[in-house]
Engineer: 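First the structure, which I've put down as structure tokens, then a few questions once you've had a look.
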Amino acid sequence: MNRSGARPFLLLLLLAWLVMMVLSFYASWLLLPDIMLLVLLATQLYRPAQINWLAVLPFALLADVAAAVPLGFHGMYYALVLFLLVPVGMIWKLVSTAAQFSLVVVIAAGVVLFKWLMTYILTGEPAASGWWLTVLGEVVCWPVVLWLVALVTPPEVRDEQV
């Protein structure tokens with residue numbers, strides 16, 4: 001990722017982390033929609049193989065501290081989720097808007113279940129009540145995050161993806 005492309009990506013990650021910090025005053029970090037992950041997923045759709053993991057790591061560590069989970073949890077979680085969802089980028093461009101929405105719902109549910117499974121394995125803490133509201137939150141946040149990533153993605157990169 002070149003220098004001019006890295007700055008908006010870092011600003012989006014910082015904005016996502018700040019929004020999650022503000023929301024964490026009202027709910028547990030693990031019950032919030034993972035806006036940082038949504039930024040990474042949207043970036044993967046618009047800029048495949050251009051996510052700077054060295055830039056993601058400090059934000060993942062900040063998320064670990066804020067969520068009070070073992071250090072490295074969010075970094076490992078983000079890397080595994082994005083690795084598992086690599087094929088979605090190819091399918092995303094081929095399906096209709098309704099199918100994309102269905103994919104978002106299924107992926108959001110799968111990602112939330114995966115997060116709670118990892119939390120249980122690493123800490124022994126079971127899923128909190130109301131965990132399914134996170135799925136709804138991620139589905140609601142997705143169009144805004146997708147719009148923000150499209151806004152900061154240079155037009156020549158967007159044109160390549162179509």
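If you read the sequence from its start, that first residue is 1, and numbering goes on from there.
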Engineer: Is a side-chain donor or acceptor of S28 paired with a backbone partner of S24 at a separation under 3.5 angstrom?
Structural biologist: no
Engineer: Okay, side chain of T134, backbone of W131: is any donor-acceptor separation there less than 3.5 Å?
Structural biologist: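 Indeed, once roles are kept as given, a pair shorter than 3.5 Å links the two residues.
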Engineer: Answer yes if L37 and L122 sit in the same cluster of Ile, Leu, Val, Met, Phe, Trp and Tyr residues linked by side chain heavy atoms under 4.5 Å apart, and no otherwise.
Structural biologist: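 Hydrophobic grouping puts L37 with L122.
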Engineer: Nearest 0.5 Å, please: how far is CG in L15 from CD1 in I35?
Structural biologist: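 I35 CD1 to L15 CG: 8.0 Å, rounded to 0.5 Å.
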Engineer: Can you see which heavy atom on A55 is nearest to which on L10, and at what distance?
Structural biologist: CB-CD2, 3.2 Å
Engineer: Same cluster for W92 and V86 if Ile/Leu/Val/Met/Phe/Trp/Tyr side chains link at under 4.5 Å?
Structural biologist: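 Different clusters.
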Engineer: Are more than 12 heavy atoms from other residues, nucleotides or ligands located less than 6.0 Å from atom CH2 of W132?
Structural biologist: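 Check fails, neighbour count at 12 or below.
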Engineer: What residues form a side chain to side chain donor-acceptor pair (under 3.5 Å) with Y78, not counting sequence neighbours?
Structural biologist: D34
Engineer: Would you check if E125 and Y120 make a side-chain contact, meaning some heavy-atom pair closer than 4.5 Å?
Structural biologist: no
Engineer: Within this structure, what is the CG-CG distance for the pair L14 and L62, rounded to the nearest 0.5 Å?
Structural biologist: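 Going from the CG atom of L14 to the CG atom of L62 covers 9.0 Å.
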Engineer: Taking the side chain as every heavy atom from C-beta outward, state whether D64 and P70 have any atom pair closer than 4.5 Å.
Structural biologist: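 Of all side-chain heavy-atom pairs linking P70 with D64, none is under 4.5 Å.
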Engineer: Give, for atom CG of L148 and atom CG of L11, the distance between the pair rounded to the nearest 0.5 Å.
Structural biologist: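 So the gap between those two atoms works out to 11.5 Å.
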Engineer: Does K115 use its side chain to pair, donor to acceptor, with the backbone of Y77 at less than 3.5 Å?
Structural biologist: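 No; zero donor-acceptor contacts below 3.5 Å.
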Engineer: Is any side-chain heavy atom of W142 closer than 4.5 Å to a side-chain heavy atom of L41?
Structural biologist: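 The answer is yes, as the side chains (C-beta and beyond) meet within the 4.5 Å cut-off.
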Engineer: Are any non-hydrogen side-chain atoms of L23 and V19 less than 4.5 angstrom apart?
Structural biologist: yes
Engineer: Tell me whether the rings of W29 and H74 are parallel (<30°), tilted (30 to 60°) or perpendicular (>60°).
Structural biologist: perpendicular
Engineer: Are L12 and V152 close enough that some pair of their side-chain heavy atoms sits under 4.5 Å apart?
Structural biologist: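 When only atoms from C-beta onward are counted, V152 and L12 do touch, with a gap below 4.5 Å.
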Engineer: Looking only at heavy atoms, what is the nearest atom pair of M118 and M76, with distance?
Structural biologist: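 Result for this residue pair: CE-CE, 3.3 Å.
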Engineer: Starting at OG of S96, measure out to CG of L103 and round the result to the nearest 0.5 Å.
Structural biologist: 9.5 Å
Engineer: What's the spacing between L133 CG and L31 CG if we round to 0.5 Å?
Structural biologist: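 One gets 8.0 Å once the value is rounded to the nearest 0.5 Å.
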Engineer: Go through the steps for F9 and V149 under the test side-chain contact (heavy atoms from CB on, under 4.5 Å), then give the verdict.
Structural biologist: CA-CA 8 Å; F9 174 71; V149 170; over 6 Å; no
Engineer: A side-chain contact here means heavy atoms from C-beta on lying under 4.5 Å apart; do V65 and L61 qualify?
Structural biologist: no
Engineer: Less than 4.5 Å apart, any side-chain heavy atom of L30 and any of W116?
Structural biologist: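 Contact flag for L30/W116 side chains = yes.
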Engineer: Would you say the side chain of L113 lies within less than 4.5 Å of the side chain of V135, judging by non-hydrogen atoms?
Structural biologist: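 V135 does not reach L113 side chain to side chain.
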Engineer: In the single-linkage hydrophobic clustering (I, L, V, M, F, W, Y; side-chain heavy atoms under 4.5 Å), do L84 and F73 co-cluster?
Structural biologist: no
Engineer: More than 12 heavy atoms of other residues, nucleotides or ligands under 6.0 Å from CZ of F114: is that the case?
Structural biologist: yes
Engineer: Do you know which two heavy atoms are closest between P33 and G137, and how far apart they sit?
Structural biologist: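 In terms of heavy atoms, the two residues are closest at CB-C, 3.6 Å.
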Engineer: Examine distances only and state if a side-chain atom of E138 and a backbone atom of L38 form a donor-acceptor pair shorter than 3.5 Å.
Structural biologist: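 Flag not set: sc E138 to bb L38 has no pair under 3.5 Å.
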Engineer: In the hydrophobic clustering (ILVMFWY, side-chain contacts below 4.5 Å, transitive), which residues join L117, or is it alone?
Structural biologist: I121
Engineer: Do M36 and Y26 share a hydrophobic cluster (ILVMFWY, side-chain heavy atoms under 4.5 Å, transitive)?
Structural biologist: no
Engineer: Assigning hydrophobic clusters by single linkage (Ile, Leu, Val, Met, Phe, Trp, Tyr; side-chain heavy-atom cutoff under 4.5 Å), is L94 placed with L146?
Structural biologist: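 Looking at the clustering, L146 is in a separate group from L94.
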Engineer: Please, which pairs that meet side-chain hydrogen bond (donor to acceptor under 3.5 Å, both in side chains) have at least one residue in residues 11-21, sequence neighbours excluded?
Structural biologist: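 As it turns out, there is no side-chain hydrogen bond (donor to acceptor under 3.5 Å, both in side chains) pair with a partner in residues 11-21 once direct neighbours are skipped.
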Engineer: To the nearest 0.5 Å, what is the distance between CG (L32) and CE (M21)?
Structural biologist: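 Answer rounded to 0.5 Å: 10.0 Å.
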